[in-house]
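Here, residue 1 is the first one in the sequence, and each next residue gets the next number. Bear in mind the structure is a predicted one, so any value in this text is a computation, not a measurement.
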Amino acid sequence: TLYNITANHSINVTCKKIRFNIVATAGNNGTISPSGNITVYYGDNLQFVPAPNVGYEVEHITVDGTVVDSLTSFTLYNITANHSINVTFKKIQFNIVATAGNNGTISPNGSVSVEYGDNLQFVPAPNVGYEVEHITVDGTIVDSLASFTFYNITANHSINVTFKKIRFNIVATAGNNGTISPSGNITVYYGDTLQFVPAPNVGYE
């Protein structure tokens with residue numbers, strides 16, 4: 001206001017664009033870009049992109065204290081106020097599905113949750129009279145019958161064990177002047193019963 005004007009005057013005003021502050025932070029095991037205190041101008045758009053460390057994934061992106069529905073990036077459009085954005089990370093989890101056929105178990109079994117980089121051993125336990133037939137991992141038979149360990153897990157997997165009855169070999173032979181029945185190499189299974197009958201030639205016993 002010019003008061004009690006007694007002369008000519010000039011008046012000039014200059015304007016500047018309104019500035020706002022965006023505070024971008026990240027929890028452990030990753031970063032966000034851009035980060036820190038970022039100055040933006042009224043009406044600007046600004047995209048934030050989280051970058052998890054190896055073995056981690058985005059847990060939440062929180063804007064002004066509210067979790068948003070994106071895990072890959074978040075853009076503030078037509079900015080007209082100060083804001084805060086925070087990203088948190090969690091270790092990537094995978095699922096191992098372990099199953100066993102009849103006549104035995106595998107431990108652990110079922111759907112087992114593991115984290116990126118974990119190791120996990122699976123041990124089959126045949127019932128009495130049975131032994132491991134195959135351990136199959138992701139559809140492929142492996143060369144172990146005692147156990148199998150997943151090392152440095154970076155994907156989902158499946159493991160299955162099958163069992164078979166233990167087999168034994170009976171070798172039946174006879175000397176001269178008679179036979180035995182059955183004879184030769186005979187395969188039997190755990191717990192079987194098998195009778196052998198000798199047959200002497202005439203004049204022998």
Which residues satisfy the side-chain hydrogen bond (donor to acceptor under 3.5 Å, both in side chains) test with Asp44, sequence neighbours excluded?
->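 If we apply the side-chain hydrogen bond (donor to acceptor under 3.5 Å, both in side chains) test to Asp44, skipping adjacent residues, there are no hits.
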
With sequence neighbours excluded, what pairs up with Thr99 under the side-chain hydrogen bond (donor to acceptor under 3.5 Å, both in side chains) test?
->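 With neighbours one apart ignored, the set is Asn160.
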
Interatomic spacing from CZ in Phe168 to CG in Asp192 - rounded to 0.5 Å |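 Here the interatomic distance stands at 9.5 Å.
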
How far does CZ of Phe196 sit from CG of Leu194, to the nearest 0.5 angstrom?
->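 Here the interatomic distance stands at 4.0 Å.
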
Donor-acceptor contacts under 3.5 Å from residues 68-77 side chains, at least two apart:
{"from": "Ser70", "atom 1": "OG", "to": "Thr72", "atom 2": "N", "distance (Å)": "3.4"}
{"from": "Ser70", "atom 1": "OG", "to": "Ser73", "atom 2": "N", "distance (Å)": "3.4"}
{"from": "Ser70", "atom 1": "OG", "to": "Ser73", "atom 2": "O", "distance (Å)": "2.5"}

Minimum-distance pair of heavy atoms, taken over all atoms of [X] and [Y]:
X      : Y      : result
Phe163 : Ala100 : CE1-CB, 4.1 Å
Gly65  : Ser84  : N-OG, 4.5 Å
Pro108 : Ala98  : O-CB, 3.5 Å

Donor-acceptor list for residues 27-43 side chains, cut-off 3.5 Å, not counting sequence neighbours:
none

Val132 vs Val161, side chain to side chain contact (heavy atoms under 4.5 Å, CB included): CA-CA, chis, key distance, verdict = CA-CA 7 Å; Val132 174; Val161 59; 3.8 Å; yes

Share the residues that join [X] in a hydrophobic cluster, the rule being Ile, Leu, Val, Met, Phe, Trp or Tyr side chains under 4.5 Å apart at the heavy-atom level.
X      : result
Val171 : none
Val197 : none
Leu2   : Ile5

If you look only at pairs with a residue in residues 141-161, which of them pass as a ring pair (Phe, Tyr, Trp, His ring centres under 6.0 Å), with sequence neighbours excluded?
->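 Counting only pairs at least two positions apart or across chains, the ring pair (Phe, Tyr, Trp, His ring centres under 6.0 Å) contacts touching residues 141-161 are Phe122-Phe150, Phe148-Phe150, Phe150-His157.
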
Is any side-chain heavy atom of Ile135 less than 4.5 Å from a side-chain heavy atom of Ile159?
->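 Counting from C-beta outward, Ile135 and Ile159 do come under 4.5 Å.
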
Determine which pairs satisfy side-chain hydrogen bond (donor to acceptor under 3.5 Å, both in side chains) with at least one residue from residues 109-134, sequence neighbours left out, and list them in order.
->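 Residue pairs passing side-chain hydrogen bond (donor to acceptor under 3.5 Å, both in side chains), neighbours aside: Gln121-Ser147, Glu133-Thr162.
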
